[in-house]
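Below is one structure, written out as structure tokens, with a few remarks after it.
Within every chain, numbering begins at 1; the chains are lettered A, B, ... in the order of the sequence lines, protein sequences first and strands thereafter.
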Amino acid sequence: MDYKEIDGKWQKAWDDARLFEGEISDTKKPYMITVAFPYVNGPQHIGHLRTFGIADVLARYKRMRGYNVLFPMGFHATGTPILAFAKRIKNHDEDLIRDLKLFHIPDYDIEKMTDPLFIADYFVKEIENGMHKAGYSIDWRRKFVSIEPFFSKFVEWQFGLLNSKGYLVKGRHPVGWCPNENNAVGMHDTKRDVEPEIEKVVGVKFRVDGEDAYLMCTTYRPETISGVTNLFINKDLKHVSCKIDGKTYYMTKAASDILKYQMNVEQVADADGGALLAKTCINPMTGLQLPIFSAAFVEDSFGTGVVMSVPAHAPFDYAALEKLKEQGKALDIKPIKVIEIPDDSQSEFSKIRNMPGYLDIPSLVYIDMFKAKGGEDMLGQATKLQYKEESHHGRMTAKGYEGMSTAQARAKITADMVAAGNAMEMYVMANSPVYCRCGYAIVINVVDQWFLNYGDKGWKELAKKAYSEMTVLPEKSRKAFESAIDWIDLRAVARSQGLGTKFPLEPDKIIESLSDSTIYMSFYTVSAMLRAVPVDKLTAELFNYIFLGHGNMDDVSKSTGVDYAVLRRCKESFEYWYTNMSRHSGPDLIFNHLTMLIFNHATIFSHKYWPKQIVVNGSVLSEGEKMSKSLGNIVPLVDALDKYGADVMRTMVAAGAELFSDSEFSSDAAMGLDERFSYLYDIAQRTDDFEGGELRHIDYWLYSKLNRKIRDVTEQIEKLELRGVSTRVVYDSVLELKRYVNRSEPNGMVLKDYITSVVLMMAPTAPHIAEEIWHMLGNESFVSTEKWPTFDESMISDRIEAEEQLLDSIISDAKQLMAMMRKSGKDPKAITLIVAEEWKRQIGNALHKERNIKKVIDMVNGAKPEIDVPDREKAMKYIQQLAKKMNSISYSEPTQDEEFGLLTEAGQYLSESLGIDVTLEKESVSKSQRAQNSAPQRPAIDISM
RNA sequence: GCAGGGGUGGCAGAGCCUGGCCAAAUGCGACGGGCUUAGGACCCGCUUCCUUUAGUGGAUGCAAGAGUUCAAAUCUCUUCCCCUGCACCA
């Protein structure tokens, strides 16, 4: 098949007919589909086909269901990536240039890509071209780019609105920070692209006995505070005393240098580590006096450089104390156990705890466990396992928290301690040191920032309400959104660099590029009309009128100078289309864009304009691997479309996997699809070669399969379970047709009916081939706007399908038998099939129903027999045989005569398939010894030699 | 660590919600055979083990273990393992 020619032909025909241009209608219900617009910093590869392709399948399906469908598209260019792209070109970045060449981008264009606007413009065109070639049913009149001035006006309006609602707040937030360059660093700004992992920990204050000063220890395990027996410092490090919020603390100098980014730390004086060892502290939970020792494992710049020691629950602490004891120090320190692991838990701990020698010191158990195993970092591994098992199975024994789970106690103790002023929350970098590209180690800075306050309670409630009314596909991603809505809190909205809209409250900043695109979908409803309006006329008043219905047309027209007809059409367009919108994207956007979209819609638009559906889909693997530059398996979309055709690619990538999982591109699968499409195309061409005529068993079978298919596929496509749709429509249809054609001479009318419906069901995923076959079948209309087929429940017959299956099992049984005979040198001449008697069916059905042998025996052999049998002894034997496999007895619908009739009709098919004469007889008249082996839907087979 | 998703035959992947007709669809791959000058095309068979030289039988089996049930890939619990996300970044 010449896919390229077919694709081009129908794409042009659709364009000429302006088939996909959405206009509002009085009679048809709207259905608007929007996809997260593509970011224009690179060409499209086949991965893009997934989200956009699925959306297009839905658009095409809904169109066939009679909806007035609008599928618009725009382009995203705000933020820093395009600037970074231009910078890399300027620096002649070889990797990037090589990638671009892979996509056949000519040198003279690459040279111009030092200009960000050129880049954006270039890829807008590239992507639009690819989308056209993929056959998306997009209304292109509405496209816009997110850096166009008229869109910026819309974004400014939105932020003004959010500010007036009080959702823009100034706040403080921990970020990875380069002390050298003085700016925030994310993963992309670090050496080897390491994400700085910021963790919240608890800083516990231990008051120095007899002084108004404290030693503070950061800990992940506040539940063990009452088990603290002493503190550790490293006396060889440089220490200082410093003031934090009026209180004096001792810590290492390095720690205080780092901590000053996240709190008010003022260094007062140097402090001598050795002198600190002479002091003691008070445990804020138990009041115990704690000595201070020196230990080498204490790190200079992690936390405060002061560590609390819990020998019962921390292998490092236990080991350090043991070492001290060897030196004659810390002799009176005894581990204090505060967490107990029950004996019956499935922990490693409980397996060996009761061995002699463990004086109720959990950490010692873990240490010995790993000592026995040997290997590196014995204490580290012991710590890890103990932490894990105590977190999982542990129960508190500490005073005041007895019986609590470790997790509960951790939260409760933290809260109690903070409330009493004995602890504070602070941040540490879990994977420190992380280095900025400039070479400096990154610290944590708590910075002032403008935020969108998604933590606002009222707003959250509103978002939850909006979400609860939405359809989410696939259903199993629902929970992810629920936790995202709960979790999302302050979100920084301004950045110091990047393309985009200026932040109204701080005009030297740019609005962060996910924040500027939370409600842009609504802009599609008016973009084509507003493009003609001078930008300075796009005031807040105008947007308030169009999107919120504020004010009246005359006033707005007068004050903005915009023609009232334009205003009215914009308002009508928005109010029509935006009542029914489905939003599509990949799962990576759940925790940011999609959640923000829910929040912003909920607060900006009135209830009827909230999104009705969110669809999240997986991505695409290329030949079994994730697409990546290093593997070199990135396939440019346009190349693939040219090589395999749009429909093969659409079916494979968009419909090749379940919604949430990754689909896979492979040339094998492409060949497989090509074969099936070709088969459908060929057989459609031949429908007129066959006569009509009275319907036979096999015709009813095909109708049954077809109607079942329509029923199931309709149900699946509604849920966008496209893998099921494509296997049923493409793969299964070919299998069914092959069987139908093999079984006997096709009925031309039946064949055409079948193919017509299959083509209609193919239209959303494989629209070009569907159009081609549709017209080949003699239709003049576009299949793209035809009606989706309906099914007739009465044509779906389990029985007929089971009966056809019976033929298959007879054939395979007989083949097996003949093979066996030939193996032993015998030569089969003819086959007799012996159909089981009626009483066997009755017994089988009774057993199936009653599941009770005695009852059935009674029915045959009792005082008042309900089942009439010719020979009671035989019948008893038969019951016993069946009883053994009670669970697998199925109900037999066909009577002996019906089964006989079916086999008679299929006689020729059986003979041909087996290559041997097949005759039939009933059990009662058969003289064969094998006749008694016959069972309902399992005729006995007698082979004569 | 927290949150979400998952673990099915050589591979991919259905089935699980609504337990029984499930040794488990379908596709790919491997193997054997046919067709053919040839074949990456097409057709047939086979792809857990045992049994049977006239069949429909049996065992084991859907990460591991336990439970519920007449009956478990499917329901419940526990454990192990894998993937994704954890923010100012599109």
| query | Considering Watson-Crick and G-U wobble pairs with both distances under 3.5 Å, what does B/rU26 pair with? | reply | B/rA12
| task | Report, as a single string ordered 5' to 3', how protein heavy atoms within less than 4.0 Å touch nucleotides 39-47 of chain B: B base, S sugar-phosphate only, - not at all. | result | ---SSSS--
| Just by distance, do the side chain of A/H76 and the backbone of A/S513 share a donor-acceptor pair under 3.5 Å? | yes
Every protein N/O within reach of nucleotides 1-5 of chain B N/O, cut-off under 3.5 Å:
| from | atom 1 | to | atom 2 | distance (Å) |
| --- | --- | --- | --- | --- |
| B/rA3 | O2' | A/S483 | OG | 3.2 |

| Distance between P atoms of B/rA25 and B/rU8 (Å, rounded) | 15 Å
| note | Picking from B/rC28, B/rA90, B/rU26, the nucleotide nearest the side-chain atoms of A/L735 would be B/rU26
| said: Counting the atoms with a prime plus P, OP1 and OP2 as sugar-phosphate, which does A/R728 contact under 4.0 Å by heavy atoms, base, sugar-phosphate, or nothing? | reply: nothing
| Counting only Watson-Crick or G-U wobble pairs whose two distances fall under 3.5 Å, which nucleotide matches B/rC42? | B/rG34
| message | From CG of A/L594 over to C1' of B/rC86, roughly how many Å is that when rounded to an integer? | response | 17 Å
| said: Can a side-chain donor-acceptor contact be found between A/T518 and A/N600 if the only test is distance below 3.5 angstrom? | reply: yes
| On a whole-Å scale, what distance lies between the C1' atoms belonging to B/rG6 and B/rA73? | 15 Å
| said: By the definition salt bridge (charged side-chain N to carboxylate O under 4.0 Å, His left out), identify the one residue from A/K705, A/R739, A/K709 that meets it with A/E801. | reply: A/K705
| query | On RNA chain B, nearest-nucleotide positions of A/L514 versus A/D489: which is more 5'? | reply | A/D489
| A/D668 has an atom CG; how far is it from atom P of B/rA12, in whole Å? | 15 Å
| note | pair_partner(B/rC49), Watson-Crick or wobble, both distances < 3.5 Å, evaluates to B/rG58
| Do the side-chain N or O atoms of A/S513 get closer than 4.0 angstrom to the phosphate oxygens (OP1, OP2) of B/rA90? | yes
| query | Tell me: CG of A/L806 to P of B/rG55, nearest whole Å? | reply | 20 Å
| request: Using the P atom as the reference point in each nucleotide, state the distance between B/rA87 and B/rA23 in Å, no decimals. | output: 49 Å
| field | Candidates B/rA90, B/rC28, B/rA14 - which lies nearest the side chain of A/Y39 | value | B/rA90
| Just by distance, do the side chain of A/R728 and the backbone of A/D712 share a donor-acceptor pair under 3.5 Å? | no
| note | Re B/rC80: Watson-Crick or G-U wobble partner, both distances kept under 3.5 Å, found to be B/rG7
| Under 3.5 Å: donor-acceptor pair, side chain of A/Q449, backbone of A/A492 | no
| Shortest non-hydrogen separation from A/L833 to A/P939 and the atoms involved | CB-CB, 4.4 Å
| message | Quick check on RNA chain B: between A/S934 and A/Y731, whose nearest nucleotide comes earlier from the 5' end? | response | A/Y731
| request: Mind checking A/Q449 for me? I need base, sugar-phosphate or nothing, with any heavy atom below 4.0 Å counting as a touch. | output: nothing
| Selected nucleotide, minimal atom distance to A/P81 side chain, candidates B/rA90, B/rC86, B/rG55 | B/rA90
| remark: Closest to the side chain of A/I941, out of B/rG13, B/rG55, B/rC86, is B/rG55
| Rounding to the closest angstrom, what is the interatomic distance between B/rC49 and B/rG29 at atom C1'? | 22 Å
| request: For A/D712 and B/rG15, give me the distance from atom CG to atom P, rounded to whole Å. | output: 12 Å
| request: Compare every heavy atom of A/N617 with every heavy atom of A/P587, then report the nearest pair and how far apart it is. | output: CD-O, 2.8 Å
| request: For the side chain of A/I943, starting at C-beta, report the closest nucleotide among B/rG27, B/rA90, B/rA54. | output: B/rA54
| query | Say you pick atom P in B/rU78 and the same atom in B/rG4; how far apart are they, in whole Å? | reply | 14 Å
| C1' atoms of B/rA72 and B/rG61, separation to the nearest Å | 13 Å
| request: Calculate the interatomic distance between A/I590 atom CD1 and B/rC83 atom P; express it in whole Å. | output: 19 Å
| field | A/R676 charged N/C atom sitting above A/Y681 aromatic ring, 6.0 Å / 45° | value | no
| said: Within the 4.0 Å heavy-atom criterion, would you say A/D732 contacts the bases, only the backbone, or no part of the nucleic acid? | reply: nothing
| query | Separation of A/Q805 atom CD from B/rA25 atom P, in whole Å? | reply | 12 Å
| task | Locate the shortest heavy-atom distance separating A/K460 from A/I488; write the atom from each residue and the value. | result | NZ-O, 2.6 Å
| field | Residues A/E512 and A/R491 bridged, charged N to O under 4.0 Å | value | yes
| field | Validation row, ring centre A/F52 to ring centre A/F37 under 6.0 Å | value | no
| Quick one: A/L589 CG to B/rA87 C1', roughly how many Å, whole number? | 13 Å
| query | Whole Å only: how far is the CD1 atom of A/I147 from the C1' atom of B/rA90? | reply | 15 Å
| said: Measuring only the C1' atom in each nucleotide, how far is B/rA12 from B/rC70? A whole number of Å is fine. | reply: 37 Å
| query | Taking the P atom of each, how far is B/rG39 from B/rA24, in whole Å? | reply | 33 Å
| Which nucleotide, B/rA87, B/rG55, B/rA90, lies nearest any side-chain atom of A/A940? | B/rG55
| field | Opposite nucleotide pairing with B/rG85, Watson-Crick or G-U, both atom distances under 3.5 Å | value | B/rC2
| message | Here's one to test your reading of the geometry: is the NZ or CZ of A/K738 within 45 degrees of the ring axis of A/Y679 and under 6.0 Å from its centre? | response | yes
| How would you label the contact of A/L490 with the nucleic acid (heavy atoms, under 4.0 Å): base, sugar-phosphate, or nothing? | base
